[in-house]
Amino acid sequence: MTVRVRFAPSPTGYLHIGGARTALFNWMFARRHGGRFLLRIEDTDLKRTIPGAIENLMAALRWLGLDWDEGPDVGGPYGPYVQTERAPLYRQWARWLVEHDKAYQCFCTPAELEARRATQQAAGDLPGYDRRCRALTPEQVAEKEAAGLEYVIRFKMPIEGVTVVPDAIRGDITFDNSQITDFVLLKSNGLPTYHLAHVVDDHFMAITHIMRADEWINTAPLHVQIWQAFGWPMPVYAHLSLVLNPSGKGKLSKRTQAFREDGQEVLVQVEEFRQAGYLPQAVVNFLANVGWAFGEDREKFPIEEAIPRFELKSINPAPARLPYAKLDWLNGQYIQAMTPLELARAVKPFLDAAGYEVNPEALLTVIPSLSVRLKRLNEAVEFLRFLFDDRPLALTAADLTDKKLGADGGLAAYRQARDLVAAVEPYNLEQIEAGLRQLGERVSSNGKAGPFLGKLRLAITGQPVSPPLFESMLALGRQRVLGRLDEVIALMGKTP
RNA sequence: GCCCUCAUCGUCUAGGGGACCAGGACGUGGCCCUUUCAAGGCCAAAACCGGGGUUCGAAUCCCCGUGAGGGCACCA
């Protein structure tokens, strides 16, 4: 039997990082077993559906490299893959349940239900439907229907006994049936709730394993009962642990912002990770380490290598916060592993977005120094600002002065550096470095080039943090370097 | 309130009765290297929630606490 799994998001928001992990685990499982991974859109909540969500979901999944074998866009033998397009199917099977005494029509209005819930709550009673329509006689039902009253279809949950939910990660979970009310299967607008829709779809789409988030555990007994009512073979359920807020308080939600304990906001939507300059390989690698481990004490790995090792039984059932700091480290590792050309290409869109005109040659010059420094691609913008921004340096003479550089604090040294830059031939890394290093050693009281080169780097880039001096000079070009040195000399000359 | 799940360094995890005075990674601290910032190298601090059992032996199995999370919708 071929393994068939699905990722079934509702288009009520953009793909968030927790959802991405659920998708990843399903995808890995499918790939591990040579099975099929399908994408199904669960859009039965018309009120909460937001425009553009499906496109965002698909784009995010694609960006992560989680390709689906069947889905709304690619089709497949079990379509359609959008629930609102399958509405007649759910109605048909809801009716079947009513006809077989497994479900019933309920005419209670939302207002009535809410009022009763309020009463229950006030009395400290167990909230939940009181099942009054379950006792309706066929005549009463016919009467209400004839009167044109709207109704929903509710499942006839067994009143007594227990329901066992087999879970591939947690083992059997037993629920008292008295804890579960008669849930709505079909809403009055004719669309199904999740409970009915997922069972019908997973059956007709021949799903073999359902990997979904922990939050579904409590309704799983209902789902087990629905499978049994239909008499359909039940797929394997595996409830993945929740991804918590970084603060550890509450689950990560796609609709709320998330904060760390120190109050700093963290990214939640997959799209935000892309915009912040994270690499998809890094994000996927990162996610694979939350709730699952590669083994052999290995944290960094291409996902392809993880696939053959992926097992349901090795999934950790404990809820986890996302270790965001580790993502930064991983991303940095992946950036370091890129070739200069790859990195240049990856960084370019971020520079473009900042309005920086990229001179390919200059960019390539500083790429090697970027490689070990960047944690996120978007950091290149700040780091390379000096290359694109010729505004006068926001520095004071004091910033550029060092006692070790003589009585004038270095003014003479800068003048010599200027002459050197003007004359050096050819203008390349080796020549620039040889000349300036020699100069630095000569002008510094301790005989080391360090102090002078440090100040010179600051003078030329104007940034406390930048690529190393010589690369920066090369990328800038001789004329611009001379211009900046003139600026510095003028500045220091004014305030001796 | 009721029900369900979970529980190893700050965080993510390895561990599935003796191989564990508990391993790795990130982060943190120190040192080295160094023109800034990084990267890199070396070193360090840092955990089995508590209490009972079971057993010759428990991080590993059971029970009870406690804590954290989830659920109790015509939302998914």
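Throughout, protein chains are lettered first and strands after them, A, B, ... in sequence-line order, and every chain is numbered starting at 1.
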Could you tell me how far apart A:Gln120 (CD) and B:rG1 (P) are, to the nearest whole angstrom?
17 Å

Sugar-phosphate only, base, or nothing, as touched by A:Asp176 at under 4.0 Å among non-hydrogen atoms:
nothing

Does a side-chain heavy-atom distance below 4.5 Å link A:Ile17 with A:Leu287?
yes

Take a 6.0 Å sphere around CD of A:Glu150 and say whether it holds more than 12 heavy atoms from other residues, nucleotides or ligands.
no

Checking base pairs now: Watson-Crick or wobble, both atom distances under 3.5 Å. What partners B:rG10?
B:rC26

The side chain of A:Trp216 lies closest to which of these nucleotides: B:rC12, B:rA73, B:rA76?
B:rA76

Mind checking whether A:Tyr278 and A:Phe286 have ring centres under 6.0 Å apart?
no

Presence of donor-acceptor pair under 3.5 Å, side chain of A:Glu299 and base of B:rG24:
yes

N/O-N/O pairs, protein side and nucleotides 43-45 of chain B side, under 3.5 Å:
none

Please measure how far the P atom in B:rA44 lies from the corresponding atom in B:rU5, and state the result in whole Å.
42 Å

Name the pairs: protein N/O against N/O of nucleotides 59-69 of chain B, kept only if under 3.5 Å.
{"from": "B:rG69", "atom 1": "OP1", "to": "A:Lys249", "atom 2": "NZ", "distance (Å)": "3.0"}

Between B:rU13 and B:rC74, how far apart are the C1' atoms? Round to whole Å, please.
42 Å

For a quick check of understanding: with a heavy-atom distance under 4.0 Å over all strands, which category does A:Val152 fall into, base, sugar-phosphate or nothing?
base

Complementary nucleotide for B:rC33 - Watson-Crick or wobble, under 3.5 Å
none

Are A:Arg170 and B:rA7 close enough that a side-chain N or O sits under 4.0 Å from OP1 or OP2?
no

With heavy atoms under 4.0 Å as the rule, sort A:Lys300 into base, sugar-phosphate or nothing.
nothing

Taking the same atom, C1', in B:rA58 and in B:rG16, what whole-Å distance lies between them?
12 Å

Test ring-ring contact (aromatic ring centres under 6.0 Å, His included) on A:Tyr237 and A:Trp216 and set out the steps.
CA-CA 10 Å; A:Tyr237 277 98; A:Trp216 291 109; over 10 Å; no

For nucleotides B:rA14 and B:rA76, find the distance between their C1' atoms and express it as a whole number of Å.
35 Å

Looking only at the side chains, is there a donor atom on one of A:Asn285 and A:Tyr334 sitting less than 3.5 Å from an acceptor on the other?
yes

Side-chain N or O of A:Arg298 closer than 4.0 Å to phosphate OP1/OP2 of B:rA25:
no

Sugar-phosphate only, base, or nothing, as touched by A:Gly332 at under 4.0 Å among non-hydrogen atoms:
nothing

With P as the reference atom in both, quote the distance from B:rG50 to B:rU55 in angstrom, rounded to an integer.
23 Å

For residues A:Arg457 and A:Ser466, is any side-chain donor paired with an opposing acceptor at under 3.5 Å?
yes

Considering only B:rC3, B:rA7, B:rA39, which nucleotide approaches the side chain of A:Ala318 most closely?
B:rA7

For B:rC20, which nucleotide is its Watson-Crick or G-U wobble mate, given both distances must be under 3.5 Å?
none

Who is the Watson-Crick or G-U wobble partner of B:rU5, with both distances under 3.5 Å?
B:rA68

With heavy atoms under 4.0 Å as the rule, sort A:Pro317 into base, sugar-phosphate or nothing.
sugar-phosphate

Give a yes/no answer on whether the side chain of A:Gln333 brings an N or O atom under 4.0 Å of OP1 or OP2 in B:rG40.
yes

Any donor-acceptor pair under 3.5 Å linking the side-chain atoms of A:Asp201 with those of A:Gln83?
yes

Does A:Trp292 reach a base, just sugar-phosphate, or nothing at all? Heavy atoms under 4.0 Å.
nothing

In whole Å, what is the span from the CZ atom of A:Phe294 to the P atom of B:rC26?
16 Å

What interatomic distance, in whole Å, is found between C1' of B:rG24 and the corresponding atom of B:rG67?
27 Å

Categorize A:Thr44 for me: base, sugar-phosphate, or nothing, with a 4.0 angstrom heavy-atom threshold over every strand shown.
sugar-phosphate

Taking side-chain contact (heavy atoms from CB on, under 4.5 Å) as the definition, give me every residue that meets it alongside A:Pro368, ordered by chain and number, with sequence neighbours left out.
none

Sticking with atom C1', work out how far B:rG15 lies from B:rA7, rounded to a whole angstrom.
15 Å

Here the residues of residues 180-203 of chain A within 4.0 Å heavy-atom distance, strictly under, of RNA chain B are A:Val184, A:Lys187, A:Ser188, A:Pro192, A:Thr193, A:Tyr194

Within 45 degrees of the axis of the six-membered ring of A:Phe294 and under 6.0 Å from its centre: does A:Arg309 put its NZ or CZ there?
yes

Counting only heavy atoms not in A:Gln438, do more than 12 sit closer than 6.0 Å to its CD atom?
no

Quiz item: cation-pi between A:Arg154 and A:Tyr129, 6.0 Å / 45°:
yes

Face-on cation placement of A:Arg21 at A:Phe25 ring, 6.0 Å and 45° thresholds
yes

Applying a 4.0 Å non-hydrogen cut-off, can you work out what A:Cys108 is touching in the nucleic acid: base, sugar-phosphate, or nothing?
base

Separation of the P atoms in B:rG10 and B:rC56, to the nearest angstrom
35 Å

Write down the distance between CZ (A:Phe286) and P (B:rC26), rounded to a whole number of angstrom.
14 Å

Between A:Asp214 and A:His239, do the side chains contain an N or O donor and an N or O acceptor separated by less than 3.5 Å?
no

Is A:Gln336 touching bases, backbone alone, or none of the nucleic acid, heavy atoms closer than 4.0 Å?
sugar-phosphate

Dump every N/O contact between nucleotides 28-38 of chain B and the protein below 3.5 Å, one line per pair.
{"from": "B:rU35", "atom 1": "O4'", "to": "A:Gly450", "atom 2": "O", "distance (Å)": "3.4"}
{"from": "B:rU35", "atom 1": "N3", "to": "A:Leu469", "atom 2": "N", "distance (Å)": "3.4"}
{"from": "B:rU36", "atom 1": "O4'", "to": "A:Arg457", "atom 2": "NH2", "distance (Å)": "3.4"}
{"from": "B:rU36", "atom 1": "O2'", "to": "A:Pro464", "atom 2": "O", "distance (Å)": "2.8"}
{"from": "B:rU36", "atom 1": "N1", "to": "A:Arg457", "atom 2": "NE", "distance (Å)": "3.3"}
{"from": "B:rU36", "atom 1": "O2", "to": "A:Arg457", "atom 2": "NH1", "distance (Å)": "3.3"}
{"from": "B:rU36", "atom 1": "O2", "to": "A:Pro464", "atom 2": "O", "distance (Å)": "3.4"}
{"from": "B:rU36", "atom 1": "O2", "to": "A:Ser466", "atom 2": "N", "distance (Å)": "3.0"}
{"from": "B:rU36", "atom 1": "O2", "to": "A:Ser466", "atom 2": "O", "distance (Å)": "3.2"}
{"from": "B:rU36", "atom 1": "N3", "to": "A:Ser466", "atom 2": "O", "distance (Å)": "2.7"}
{"from": "B:rU36", "atom 1": "O4", "to": "A:Arg373", "atom 2": "NH1", "distance (Å)": "3.4"}
{"from": "B:rU36", "atom 1": "O4", "to": "A:Pro468", "atom 2": "N", "distance (Å)": "3.1"}
{"from": "B:rC37", "atom 1": "O2", "to": "A:Arg373", "atom 2": "NH1", "distance (Å)": "2.9"}
{"from": "B:rC37", "atom 1": "N3", "to": "A:Arg373", "atom 2": "NH1", "distance (Å)": "2.1"}
{"from": "B:rC37", "atom 1": "N4", "to": "A:Arg373", "atom 2": "NH1", "distance (Å)": "3.3"}
{"from": "B:rA38", "atom 1": "O2'", "to": "A:Val372", "atom 2": "O", "distance (Å)": "2.6"}

Taking any strand in view, what nucleotide pairs with B:rA47 in a Watson-Crick or G-U wobble way, both distances under 3.5 Å?
none

A:Lys403 atom NZ: more than 12 heavy-atom contacts under 6.0 Å
no

List for me each residue that meets ring-ring contact (aromatic ring centres under 6.0 Å, His included) alongside A:His195, sequence neighbours excluded, and say none if there are none.
A:Phe183, A:His223

Taking the side chain as C-beta and beyond, is there a heavy-atom pair between A:Tyr427 and A:Ile432 under 4.5 Å?
yes

A:Leu46 atom CG is separated from B:rA76 atom C1', nearest whole Å, by 13 Å

Would you find more than 12 non-hydrogen atoms of other residues, nucleotides or ligands less than 6.0 Å from A:Lys156 atom NZ?
yes

